Amino acid sequence: GGSKSLLEAPDTREIRRIIAEEEKADDPHFLILRNIGDPAVKLLVESVEADERKHLRLLKGLLKIEAARTSSTRKGKN
């Protein structure tokens with residue numbers, strides 16, 4: 001914590017919007033793939049689902065960082 005990031009990140013509202021989209025997005029065609037018994041397809045589905053979990057974890061981590069940065073910036077202005 002406390003170290004300044006060299007990256008520009010979207011504000012917390014934008015990050016929350018992206019998280020909401022990620023959480024509600026579920027392609028109906030992808031749901032069909034889950035029911036296919038082929039081992040290779042199952043492996044692919046597991047990989048895609050792991051990526052989706054990773055994306056959410058990254059976004060939620062970014063949200064915490066930006067919220068802390070915004071909070072410390074506000075405290076500095078008071």
Side-chain angles (χ1 to χ4, degrees):
S3 63
K4 184 174 174 137
S5 175
L6 300 175
L7 301 175
E8 282 294 319
D11 67 19
T12 55
R13 286 177 298 206
E14 180 66 10
I15 298 169
R16 283 188 183 103
R17 184 191 66 75
I18 295 169
I19 290 171
E21 284 183 19
E22 285 282 329
E23 288 178 336
K24 74 178 179 180
D26 214 353
D27 187 339
H29 296 100
F30 191 74
L31 295 174
I32 293 168
L33 289 176
R34 285 189 185 135
N35 295 321
I36 294 177
D38 184 278
V41 174
K42 285 186 176 194
L43 186 60
L44 178 62
V45 168
E46 288 172 10
S47 176
V48 170
E49 289 175 337
D51 276 350
E52 291 302 319
R53 288 189 302 272
K54 178 185 69 175
H55 295 162
L56 280 173
R57 190 170 56 248
L58 288 168
L59 287 165
K60 288 177 180 180
L62 182 59
L63 181 61
K64 287 179 185 177
I65 291 167
E66 284 305 302
R69 187 180 309 176
T70 302
S71 175
S72 66
T73 302
R74 286 185 191 149
K75 288 177 184 175
K77 289 183 179 179
N78 289 338

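Here the structure is a predicted model, which means the values were calculated and not measured.
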>> Which residues pass the side-chain contact (heavy atoms from CB on, under 4.5 Å) test with D38, not counting sequence neighbours?
In response: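 For D38, the residues satisfying side-chain contact (heavy atoms from CB on, under 4.5 Å) (neighbours in sequence not counted) are I36, A40, V41.
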> Would you call K60 and E23 a salt bridge, taking side-chain N to carboxylate O under 4.0 Å as the test?
Replying inline: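 Judged by the 4.0 Å cut-off on N to carboxylate O distance, K60 and E23 do form a salt bridge.
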What pairs with [X] under salt bridge (Lys or Arg N to Asp or Glu O under 4.0 Å), at least two apart in sequence or on another chain?
X   : value
E49 : R34
E14 : R17
K42 : none
E52 : none

> With a cutoff of under 4.5 Å between side-chain heavy atoms, which Ile, Leu, Val, Met, Phe, Trp and Tyr residues group with L59?
Replying inline: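 I15, I18, I19, L56, L62, L63, which link up through side-chain heavy atoms under 4.5 Å apart, make up the rest of the cluster.
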> How far apart are the closest heavy atoms of L31 and N35, and which atoms are they?
Replying inline: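 Minimum heavy-atom contact is O-ND2, 3.6 Å.
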>> Suppose we screen for side-chain hydrogen bond (donor to acceptor under 3.5 Å, both in side chains). Which residues come up paired with R13, at least two apart in sequence or across chains?
In response: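 In terms of side-chain hydrogen bond (donor to acceptor under 3.5 Å, both in side chains), with neighbours along the sequence ignored, R13 is linked to D11.
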> Considering residues at least two apart in sequence or located in another chain, which fulfil the side-chain hydrogen bond (donor to acceptor under 3.5 Å, both in side chains) criterion with E46?
Replying inline: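 Here no residue qualifies.
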> In Å and rounded to the nearest 0.5 Å, what is the CZ to NE2 distance from R57 to H55?
Replying inline: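 The distance works out to 10.0 Å.
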